[in-house]
Every structure is written in C-alpha cells, then in structure tokens.
Amino acid sequence: MTPVMGSGGMCGPPSEVRRVLLVGFMGSGKTRVGQALARRLGWSFRDFDQEVRARAGLPIPDIFRQHGEAAFRDMEERVGADLLLEDRVVLASGGGWPAALGRMEELPEGTLSVWLRVLPEEAVRRAREEGPTRPLLAVPDPVARARQILAEREACYGKAHLALDSMEAGPEELARIIERFVNERRAEGVEPSSP
C-alpha cells in the first residue's frame, strides 16, 4: 500500500520528523498503529484520550455525562497542546481533536500528520468490539450518526500529510509504512558532506 499525500495543512511533510500525529475517526486504529509505530521507531506513545482520562480521573463517557462535550473538548485541547511539545513521540489524537478550526494547519514544526481512514460501518463495528459505547454513538442509529460525524470531519482529516486506509492493512503493516516514510524523510534531510 502506498500512502496518499494529503494537503498537509499549510506545507508539505517536515524534513525532520520529531513526532508523528495520527488522526482519524474513532475505530480507525490510531492506538494500535501508534503503539506499533512507537515500538518500531524506539519512541514513546501517547494517546490523547488516555491522557484526558488520567487528568480528569474519569472515563470519557462519565466526562461527557457529568460535564458535557464542551468540557471534554477543552481538556482534549490542553492535552494536545502539551503532548505536541514532546519529541520522539507517536501521538494518537482523539477523533474530534483535528476538527477544531486551524488545528491541523498550526501543528508544531517537525510534526508528521497521518490520517488513518476508515468507513463509518467499520468504525462502528470496531468501536462495539472495544467495549462500552462511545458517547457520540449512543444513539438509535449509530452508523447514520457515524456517517454524519465523519462527513463533518473529513476535510480536517484530509489536511494530514499522509492518508492510509486502515481497512487495507493491519496495525503492524501500517506502522511499517509510516516508519519507512519517516526514515525516508531522515535520509532526504541529511546534508551531503563538503569535499
């Protein structure tokens, strides 16, 4: 599978990749791919949702129920701002994080963004396998809701530097493809030595 180049926000992929940011809809495999990629690169892995849960001391459904989606999005924004300062890290954003105005265009220098694409039906199937219902899918027709949310977010996801279909390959293969791209960027960024 060959990665599809996205719009990359305001510019192309960084020549020096200091962090990889995985974006995409729920169930696209950001956590599994991120963990596999971090192992391959020898970097750390951080998941926005896990960090929000840790900081709030509550599971995400409880944050939504007790404080509302706006409070969750505020926490997610702070987590993203903090984690995007780290180097040698693979980050899995929350599904809605890239949808905020300007967020994908204002990524710190050295950030390679990768969109893991998934169809709404597959996203719902995977989300159900993971356990408790995601708050945004706790509706009578979760597939229709997933289609609506994904349609609203696709333009933002499409600003990533690369796009990969997460239904065509497993987490290890996707991680290998991203690792190869990171290594190619490193090789391209090496200045030839002077004679």
Legend entry - Atom pair CD/OG1 of Glu86 and Thr111 - distance to nearest 0.5 Å: 11.5 Å
Legend entry - Donor-acceptor contact present, side-chain Tyr157 to main-chain Ala99, <3.5 Å: no
Inset, instruction - Measure from the side-chain N and O atoms of Arg19 to the backbone N and O of Leu112, and report whether any donor-acceptor pair falls under 3.5 Å. - result: no
Inset, instruction - Starting from the C-alpha separation in whole Å, work towards a yes-or-no answer on side chain to side chain contact (heavy atoms under 4.5 Å, CB included) for Phe64 and Asp62. - result: CA-CA 5 Å; Phe64 270 72; Asp62 290 351; over 6 Å; no
Legend entry - Closest non-hydrogen atom pair, Ser44 against Ala38: O-CB, 3.8 Å
Inset, instruction - In sequence, state the C-alpha distance, the side-chain angles, and the governing distance for Leu21 and Phe48, and then conclude on side chain to side chain contact (heavy atoms under 4.5 Å, CB included). - result: CA-CA 10 Å; Leu21 172 68; Phe48 286 25; 4.0 Å; yes
Legend entry - Minimum side-chain heavy-atom gap Ile178-Val33 below 4.5 Å: yes
Legend entry - Close side-chain approach of Leu84 and Leu91, heavy atoms under 4.5 Å: yes
Inset, instruction - Supply the atom-to-atom distance Leu58 CG to His67 NE2, rounded to the nearest 0.5 angstrom. - result: 5.5 Å
Legend entry - Between Gln35 and Arg32: side-chain donor-acceptor atoms closer than 3.5 Å: no
Inset, instruction - State, yes or no, whether a side-chain contact exists between Trp115 and Ser28 at a heavy-atom distance under 4.5 Å. - result: no
Inset, instruction - State, yes or no, whether a side-chain contact exists between Arg88 and Arg18 at a heavy-atom distance under 4.5 Å. - result: no
Inset, instruction - For atom CG of Leu101, decide whether the heavy atoms of other residues, nucleotides or ligands shown that lie under 6.0 angstrom number more than 12. - result: no
Inset, instruction - Answer yes or no: is there an ion pair linking Glu129 with Arg125, defined by an N-O contact shorter than 4.0 Å? - result: yes
Inset, instruction - Give a yes or no on this: more than 12 heavy atoms of other residues, nucleotides or ligands lie within 6.0 Å of atom CD of Gln66. - result: yes
Inset, instruction - Evaluate side chain to side chain contact (heavy atoms under 4.5 Å, CB included) for Met104 paired with Val23, printing each intermediate quantity in order. - result: CA-CA 10 Å; Met104 291 298 288; Val23 301; 4.1 Å; yes
Legend entry - Backbone of Gly24 reached by a side-chain donor or acceptor of Lys30 within 3.5 Å: yes
Inset, instruction - Please examine the side chains of Leu37 and Glu179, heavy atoms only from C-beta on, and report whether any two atoms are closer than 4.5 Å. - result: yes
Inset, instruction - Give, for atom CG of Leu164 and atom CD of Glu173, the distance between the pair rounded to the nearest 0.5 Å. - result: 9.5 Å
Legend entry - Val143 and Asp141, any side-chain heavy atoms less than 4.5 Å apart: yes
Inset, instruction - List the atom of Ala81, the atom of Leu85, and the distance in Å for their closest heavy-atom pair. - result: O-CG, 3.4 Å
Legend entry - Nearest heavy-atom neighbours spanning Ala36 and Glu172: CB-OE2, 3.6 Å
Inset, instruction - Report yes or no: does Arg185 contribute a side-chain atom to a donor-acceptor pair with the main-chain N or O of Pro13 at less than 3.5 Å? - result: yes
Inset, instruction - Verify, without hydrogens or angle tests, whether Arg153 (side chain) and Phe25 (backbone) share a donor-acceptor contact under 3.5 angstrom. - result: no
Legend entry - Value rounded to 0.5 Å, distance of CG in Asn183 from CG in Leu41: 7.0 Å
Inset, instruction - Mind listing the closest non-hydrogen atom pair of Ser113 and Leu107 along with its distance? - result: CB-CD1, 3.9 Å
Legend entry - Minimum-distance pair of heavy atoms, taken over all atoms of Pro98 and Gly95: CD-O, 3.5 Å
Legend entry - Side chain to side chain, Arg147 and Glu121, heavy atoms closer than 4.5 Å: yes
Inset, instruction - Give the minimum heavy-atom separation between Ser166 and Arg126, together with the two atoms involved. - result: O-NH2, 3.1 Å
Legend entry - Check: Met75 and Arg55 side chains under 4.5 Å, non-hydrogen atoms: no
Legend entry - Rounded distance [0.5 Å steps], CG in Asp82 versus CZ in Arg46: 9.0 Å
Inset, instruction - Could you grab the distance from atom CG of Asp74 to atom CD of Glu69, nearest 0.5 Å is fine? - result: 10.5 Å
Inset, instruction - Just do the side chain to side chain contact (heavy atoms under 4.5 Å, CB included) check on Leu83 and Val89 with the steps written out, would you? - result: CA-CA 9 Å; Leu83 296 184; Val89 64; over 6 Å; no
